[in-house]
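Side chains included, hydrogens not; waters and symmetry mates left out as well; all remaining heavy atoms used.
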2 protein chains.
Amino acid sequence: MTLPERTVERLSEYRRSLLQCLEEGKTHIFSHELAELHHNTAVQVRRDIMFIGYSSTQRKGYDVRELVDVIANILDSEKGLNVAVIGVGNLGRAVTTYFVGKRSKLNIIATFDVDTTKIDRVISGVKCYPLSRLKEVVEANQISIAIMTVPADSAVEMAAQLVEAGITGLMNFTTVPLNVPREVYLDEYDMITSLEKVAYFVKSPRE
Amino acid sequence: MTLPERTVERLSEYRRSLLQCLEEGKTHIFSHELAELHHNTAVQVRRDIMFIGYSSTQRKGYDVRELVDVIANILDSEKGLNVAVIGVGNLGRAVTTYFVGKRSKLNIIATFDVDTTKIDRVISGVKCYPLSRLKEVVEANQISIAIMTVPADSAVEMAAQLVEAGITGLMNFTTVPLNVPREVYLDEYDMITSLEKVAYFVKSPRE
DNA sequence: TTGAAACTGTGATTTAATTAACAATATTTC
DNA sequence: GAAATATTGTTAATTAAATCACAGTTTCAA
Ligand SMILES: NC(=O)c1ccc[n+]([C@@H]2O[C@H](COP(=O)([O-])OP(=O)(O)OC[C@H]3O[C@@H](n4cnc5c(N)ncnc54)[C@H](O)[C@@H]3O)[C@@H](O)[C@H]2O)c1
Ligand SMILES: NC(=O)c1ccc[n+]([C@@H]2O[C@H](COP(=O)([O-])OP(=O)(O)OC[C@H]3O[C@@H](n4cnc5c(N)ncnc54)[C@H](O)[C@@H]3O)[C@@H](O)[C@H]2O)c1
């Protein structure tokens with residue numbers, strides 16, 4: 001059984017707050033506390049936790065440590081997953097720098113670019129490969145996720161190559177909608193759309 | 001009446017495809033064509049277009065020019081909106097560079113940072129101001145939208161300052177959930193969560 | 001000019017997600 | 001240790017979003 005997308009997202013968010021709690025020495029947390037940290041309700045939190053089949057033993061709230069472990073069990077892959085960044089421009093560099101070392105179960109281990117001046121350059125310890133070596137490097141390193149930050153006009157072609165290379169998860173930051181086979185999970189973030197949406201609601205606030 | 005969020009997003013996306021069509025000299029488009037360009041259905045497209053009260057006169061599909069204008073009327077503010085980027089690090093720089101000149105109705109006209117070495121520096125024609133001048137510059141330039149790319153630990157404090165300065169639309173790229181008054185529209189993009197979601201669905205594909 | 005084909009616009013239905021409501025149970029208070 | 005309180009887990013109700021189904025054009029082909 002797979003969880004609803006929104007629940008998966010919230011679990012990821014909860015986990016970060018929970019880890020924060022652990023650091024602060026907080027061992028138990030109530031649903032309404034966790035809700036308050038994110039902007040949602042206690043019921044929503046309990047519903048999400050119900051989905052993952054965890055339940056608190058005492059009425060002292062959830063055991064933070066246990067809950068973190070259960071979430072990790074759901075979200076993380078045992079051995080971690082390997083990730084590549086495609087297109088090492090402004091955004092690609094920012095993302096690479098940002099993610100390296102951030103999540104122990106998600107390792108950015110390669111970047112790719114067409115620009116020959118970028119090949120072999122190392123960003124935050126991650127080496128840049130030429131596109132011609134895409135399939136080879138993906139296979140050799142069992143890379144399953146690609147973050148795509150190439151220019152819009154290469155997006156469609158690039159996505160096809162990534163699928164062909166064996167990628168099964170794709171984060172698309174270009175503002176070009178992509179089509180991928182059902183077995184590849186696609187997440188698209190369109191920053192222009194987000195900004196235009198903000199602008200719309202600034203112009204026309206919800207009463 | 002305000003439109004559903006998802007409809008607003010799709011309208012933004014449709015518009016870009018439609019502008020592309022215009023460039024290619026395509027004057028009319030069917031709902032199923034537009035649907036195919038994005039990953040959704042013809043009914044969804046028609047439903048969205050119905051929401052904005054446009055209807056095609058002929059059965060040659062929608063008039064692209066007209067539709068673009070109707071969408072612009074919905075999404076854009078007459079005189080455009082002014083935008084500031086807060087925190088000119090890796091991401092802030094990428095975003096600023098990216099957006100300048102991109103959308104004529106959304107003008108990035110200032111950036112802000114605490115780092116004194118960044119003050120007065122100009123990125124893509126946009127000047128960086130010290131935080132101490134936030135309110136002044138926001139008011140003087142009628143900035144209504146802020147894109148927040150500051151480190152996580154300044155996020156909450158910064159959001160409060162932005163609201164206080166009069167911002168009514170906020171895009172939050174920090175991975176810290178924020179609370180803002182109802183009258184401020186908040187859009188949060190949590191890249192870690194997105195990546196973890198992709199990882200989850202790579203690990204546990206849907207059915 | 002008639003009949004089929006191609007699309008649109010929209011009520012009705014379905015599905016997914018959220019929220020409400022509350023019984024069950026542990027904890028605290030007296 | 002009985003009553004009051006706090007919190008969870010879950011069923012039921014609500015809301016929001018997407019999809020179905022189809023009547024009503026318009027166009028086209030003969
Ligand atoms: N910069 C941003 O903040 C931002 C925001 C939203 C969306 N985006 C999108 O992200 C993408 C990249 O933006 P950017 O600002 O980093 O652009 P950029 O021009 O700085 O970087 C693009 C990089 O991709 C490389 N490249 C070009 N063709 C390639 C290919 N076929 N395969 C691999 N690499 C290739 C280029 O050499 C360059 O290094 C664009 O599609 C843009 O629409 C960027
Ligand atoms: N880089 C990415 O791709 C990426 C991805 C997802 C999320 N984020 C988030 O975006 C934020 C910025 O990331 P980054 O990689 O650009 O970091 P960065 O360290 O490169 O940049 C942060 C910038 O903010 C400035 N700053 C610090 N405190 C400030 C304050 N109180 N007010 C204004 N400016 C301040 C710093 O001087 C610096 O210029 C972080 O919260 C990060 O979690 C970044």
Side-chain angles (χ1 to χ4, degrees), chain A residues 1-14 18 21 26-64 66-67 70-71 74 177 182 188 193 197 200-201 204 206-207, chain B residues 1-14 18 21 26-64 66-67 70-71 74 177 182 188 193 197 200-201 204 206-207:
Chain A
M1 160 241 36
T2 53
L3 303 170
E5 294 214 3
R6 290 293 295 117
T7 295
V8 173
E9 290 182 10
R10 282 189 298 260
L11 289 174
S12 160
E13 289 160 14
Y14 296 160
L18 292 170
C21 288
K26 190 170 169 68
T27 61
H28 294 265
I29 192 167
F30 296 127
S31 57
H32 66 264
E33 290 179 300
L34 197 45
E36 203 170 329
L37 291 173
H38 301 98
H39 14 52
N40 69 169
T41 65
V43 188
Q44 181 74 81
V45 168
R46 280 183 264 136
R47 166 69 25 125
D48 288 331
I49 290 176
M50 186 185 141
F51 262 123
I52 63 179
Y54 178 70
S55 64
S56 62
T57 43
Q58 310 137 246
R59 303 301 120 152
K60 283 278 186 186
Y62 301 95
D63 183 300
V64 178
E66 278 179 25
L67 189 46
V70 175
I71 294 177
I74 304 268
R182 283 184 47 67
E188 309 203 59
T193 285
K197 183 178 65 172
Y200 170 79
F201 284 109
S204 320
R206 292 153 306 179
E207 117 298 358
Chain B
M1 160 239 39
T2 53
L3 303 170
E5 295 215 2
R6 291 293 293 118
T7 294
V8 174
E9 290 181 11
R10 283 189 298 260
L11 289 174
S12 161
E13 288 159 15
Y14 296 159
L18 293 171
C21 288
K26 191 170 167 66
T27 60
H28 293 264
I29 193 168
F30 295 126
S31 57
H32 67 263
E33 291 178 301
L34 198 44
E36 203 169 329
L37 290 173
H38 302 271
H39 13 51
N40 69 169
T41 64
V43 189
Q44 181 75 79
V45 169
R46 279 182 264 136
R47 178 72 63 186
D48 287 332
I49 290 176
M50 186 184 141
F51 263 121
I52 62 178
Y54 178 70
S55 64
S56 63
T57 42
Q58 310 138 245
R59 302 302 122 152
K60 282 280 186 186
Y62 300 96
D63 182 301
V64 179
E66 277 179 25
L67 189 47
V70 174
I71 294 177
I74 304 267
R182 283 184 46 66
E188 309 203 59
T193 286
K197 184 179 63 172
Y200 170 78
F201 284 107
S204 320
R206 290 152 309 179
E207 126 297 358

Seminar exercise, completed: Rounded to the nearest 0.5 Å, the CG atom of A/Leu34 sits from the CD1 atom of A/Ile29 at a distance of 4.5 Å
Exercise. When the distance from CG of B/Asp48 to C1' of D/dA16 is rounded to whole Å, what number comes out?
Worked result: 14 Å
Problem set entry | Interatomic distance where CD belongs to B/Gln44 and P belongs to D/dA21 [whole Å] | 17 Å
Exercise. How is A/Ser31 classified with respect to the nucleic acid when contacts are heavy atoms under 4.0 Å: base, sugar-phosphate, or nothing?
Worked result: sugar-phosphate
Show me the protein contacts with nucleotides 25-28 of chain C, counting only N or O atoms at under 3.5 Å.
{"from": "C/dT28", "atom 1": "OP1", "to": "A/Lys60", "atom 2": "NZ", "distance (Å)": "3.1"}

Exercise. Rounding to a whole Å, what distance do you find between B/His32:NE2 and D/dT19:P?
Worked result: 18 Å
Exercise. B/Arg10: what forms a side chain to side chain donor-acceptor pair (under 3.5 Å) with it, not counting sequence neighbours?
Worked result: B/Asp48
For this session: Apply salt bridge (Lys or Arg N to Asp or Glu O under 4.0 Å) to B/Glu9 and list each qualifying residue two or more places apart in sequence or on a separate chain.
Result: A/Lys197, B/Arg6
Exercise. Among all residues two or more places apart in sequence or in another chain, which pass the ring pair (Phe, Tyr, Trp, His ring centres under 6.0 Å) test with A/Tyr62?
Worked result: none
Exercise. Among all residues two or more places apart in sequence or in another chain, which pass the ring pair (Phe, Tyr, Trp, His ring centres under 6.0 Å) test with A/His28?
Worked result: none
Got a list of protein N/O to nucleotides 10-13 of chain C N/O distances below 3.5 Å?
{"from": "C/dG11", "atom 1": "O6", "to": "B/Arg47", "atom 2": "NH2", "distance (Å)": "2.5"}
{"from": "C/dA12", "atom 1": "N6", "to": "B/Arg47", "atom 2": "NH2", "distance (Å)": "3.4"}

For this session: Could you pull out all residues at least two apart from B/His32 that satisfy side chain to side chain donor-acceptor pair (under 3.5 Å)?
Result: none
Problem set entry | Length of the CD-P vector between B/Glu9 and D/dA17, whole Å | 11 Å
Seminar exercise, completed: Whole-Å distance, A/Phe30 CZ to D/dT8 P, equals 7 Å
Problem set entry | Any residue meeting salt bridge (Lys or Arg N to Asp or Glu O under 4.0 Å) with B/Glu33, in chain and number order, not counting sequence neighbours | B/Lys26
Problem set entry | Any A/Val45 side-chain heavy atom under 4.5 Å of A/Phe30 side chain | no
Seminar exercise, completed: B/Tyr54 meets the ring pair (Phe, Tyr, Trp, His ring centres under 6.0 Å) criterion, sequence neighbours left out, with none
For this session: Grab the CG-C1' distance between A/Asn40 and C/dA17 for me, whole Å please.
Result: 13 Å
Problem set entry | Phosphate OP1/OP2 of C/dT8: any B/Tyr54 side-chain N/O under 4.0 Å | no
Exercise. Starting at CG of A/Leu3 and ending at P of C/dT18, how long is that distance when rounded to a whole Å?
Worked result: 13 Å
Exercise. Atom CD of B/Glu5 to atom C1' of C/dA17: distance rounded to whole Å?
Worked result: 14 Å
Problem set entry | Side chain of A/Ser55 - closest among C/dT18, D/dG9, D/dA18 | D/dG9
Exercise. Taking OP1 and OP2 of C/dG9, is either one under 4.0 Å from a side-chain nitrogen or oxygen of B/Ser56?
Worked result: yes
Exercise. Can a side chain N or O of A/Thr41 be found less than 4.0 Å away from OP1 or OP2 on C/dT18?
Worked result: no
